[in-house]
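From a predicted model like this one, the values you see are computed outputs, not experimental measurements.
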Amino acid sequence: MSQAFAPLKRNRLSDQVLTQIQERIASGELRSGDKLPPERELAESFGVSRGAVREALRSLERTGLVSLQAGAHGGAFIGQGDPGLIGDSFRNLYQLGSVSLDALTEARLWLETTITRIACARATDKDLAALTANVDEAERLLLSKRYEDKIDVHIEFHNLLARATHNAVMVMLMGALMDVMRDFAHAAGGERHDLTIKARRRFLAKLSARDADAAVAEMTEHLESLHVRYRDRMKERPQR
């Protein structure tokens, strides 16, 4: 390594500012949409420089806890969080080799089994229509030979299925896994057959009939088959 790391600074003032704002958010004193005082007032209140306040706010912005808006009516607002950060963490772990395809598939099987059972009970007609429209779109893209575009539509099917549970946590968890799978699927390349589309049609028939056991069995068979196809295709890719 050609360049040495700089010495660490202990108890940075910006970290202390950040911690206090986080504590007020956790306690409910600050809620989503609330506007924080201007930097100058915050600096005076905390007894620190405006630079320390600015650094703390930027760190909070990266976590989604604070939204920094420009303009006459701008400022620092308490945000709504960023569920996408979960997906970023999963993606980083996968790219670093800490998460294998086998582990991803196993986690998907566990999560999608639960989601499928909940969706069988809670999915509305609108949810089922959205899932059907997604499969129709995937088939259209296949026929148009737009194989890479089809990948994103196939990924979105799982997100739509999670939304059919009407549970925000399930939606976030599925979204995080699908962010990783999207990168992997594009790296493997779009499939040029209709195996997934046929599996989707069979799955939707069972989901619409509210047959949870049959829907879970169909989803499980599809994911296990897809896992084998992904593994084989990655083996065929030329080594760098």
Would you say [X] and [Y] are hydrophobically clustered, going by side-chain heavy atoms of ILVMFWY under 4.5 Å?
X: Val169; Y: Leu177; answer: yes
X: Leu131; Y: Val171; answer: no
X: Val216; Y: Leu160; answer: no
X: Ile155; Y: Leu141; answer: no
X: Val153; Y: Met174; answer: no

Distance in Å, [X] [atom1] paired with [Y] [atom2], rounded so as to fall on 0.5 Å steps:
X: Leu109; Y: Thr220; atom1: CG; atom2: OG1; result: 5.5 Å
X: Gln22; Y: Leu30; atom1: CD; atom2: CG; result: 11.5 Å
X: Met181; Y: Ile151; atom1: CE; atom2: CD1; result: 10.5 Å
X: Met178; Y: Leu161; atom1: CE; atom2: CG; result: 10.0 Å

If you compare all heavy atoms of [X] against all heavy atoms of [Y], which two are closest, and at what distance to 0.1 Å?
X: Ala123; Y: Leu128; value: CB-CD2, 4.3 Å
X: His222; Y: Ala199; value: ND1-CB, 3.7 Å
X: Leu13; Y: Ala52; value: CB-CB, 4.2 Å
X: Gly33; Y: Phe77; value: O-CD2, 3.7 Å
X: Thr116; Y: Ala215; value: CG2-CB, 3.6 Å
X: Ser14; Y: Ala56; value: O-CB, 3.3 Å

Next on the checklist: Does Ile21 form a side-chain contact (heavy atoms from CB on, under 4.5 Å) with Phe46? I'd like the steps, not just the answer.
Outcome noted: CA-CA 11 Å; Ile21 294 175; Phe46 286 115; 4.3 Å; yes

Considering only NZ, NE, NH1 and NH2 on the basic side and carboxylate oxygens on the acidic side, decide whether [X] and [Y] come within less than 4.0 Å.
X: Glu191; Y: Lys150; value: no
X: Lys206; Y: Asp213; value: no
X: Glu139; Y: Arg201; value: yes

Do [X] and [Y] have side chains that get closer than 4.5 Å, going by heavy atoms?
X: Ile78; Y: Leu60; answer: no
X: Val17; Y: Leu57; answer: no
X: Leu204; Y: Phe157; answer: yes
X: Glu23; Y: Thr19; answer: yes
X: Thr113; Y: Met219; answer: no
X: Leu173; Y: Leu111; answer: yes
X: Trp110; Y: Ile115; answer: no
X: Leu142; Y: Tyr147; answer: yes

Checklist entry - Can you list the steps and then say if His227 with Leu101 is a side-chain contact (heavy atoms from CB on, under 4.5 Å)? => result CA-CA 8 Å; His227 175 77; Leu101 176 61; 3.6 Å; yes

Checklist entry - For His154 and Asn134, what are the C-alpha separation, side-chain angles and deciding distance, and is it a side-chain hydrogen bond (donor to acceptor under 3.5 Å, both in side chains)? => result CA-CA 8 Å; His154 279 330; Asn134 173 277; 5.3 Å; no

Checklist entry - Tell me the side-chain hydrogen bond (donor to acceptor under 3.5 Å, both in side chains) pairs involving residues 156-171, sequence neighbours left out? => result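 Of all non-adjacent pairs touching residues 156-171, those that pass side-chain hydrogen bond (donor to acceptor under 3.5 Å, both in side chains) are Arg108-His158, Glu112-His158, Asp127-His166, Glu156-Asn159, Glu156-Arg163, His158-Arg200.
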
Item to check | Residue pairs fulfilling side-chain hydrogen bond (donor to acceptor under 3.5 Å, both in side chains) with at least one residue in residues 31-45, sequence neighbours excluded | outcome: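 Qualifying pairs, neighbours excluded: Glu39-Arg54.
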
Checklist entry - Among side-chain atoms of Arg24 and Ser27, is any donor-acceptor pair under 3.5 angstrom? => result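 There is no such pair (donor and acceptor under 3.5 Å, judged by atom type) between the side chains of Arg24 and Ser27.
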
Checklist entry - Regarding Arg229 and Ser225, is there a side-chain donor-to-acceptor distance under 3.5 Å anywhere? => result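 A donor-acceptor contact under 3.5 Å links the two side chains.
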
Item to check | Trace of the salt bridge (charged side-chain N to carboxylate O under 4.0 Å, His left out) decision for Glu137 with Arg140 | outcome: CA-CA 5 Å; Glu137 174 66 6; Arg140 185 184 70 79; 2.7 Å; yes

Checklist entry - More than 12 foreign heavy atoms under 6.0 Å from CZ of Arg210: is that the case here? => result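 Counting other residues, nucleotides and ligands, CZ of Arg210 exceeds 12 neighbours.
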
Item to check | Candidates Arg62, Glu55, Glu61 - the one meeting side chain to side chain donor-acceptor pair (under 3.5 Å) with Ser59 | outcome: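 It is Arg62, the one option of Arg62, Glu55, Glu61 that forms the side chain to side chain donor-acceptor pair (under 3.5 Å) with Ser59.
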
Checklist entry - Counting N and O atoms only, with roles assigned by atom type, does the side chain of Glu148 sit under 3.5 Å from a partner on the main chain of Gly190, one being a donor and the other an acceptor? => result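 The answer is yes, because a donor-acceptor pair under 3.5 Å joins these two groups.
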
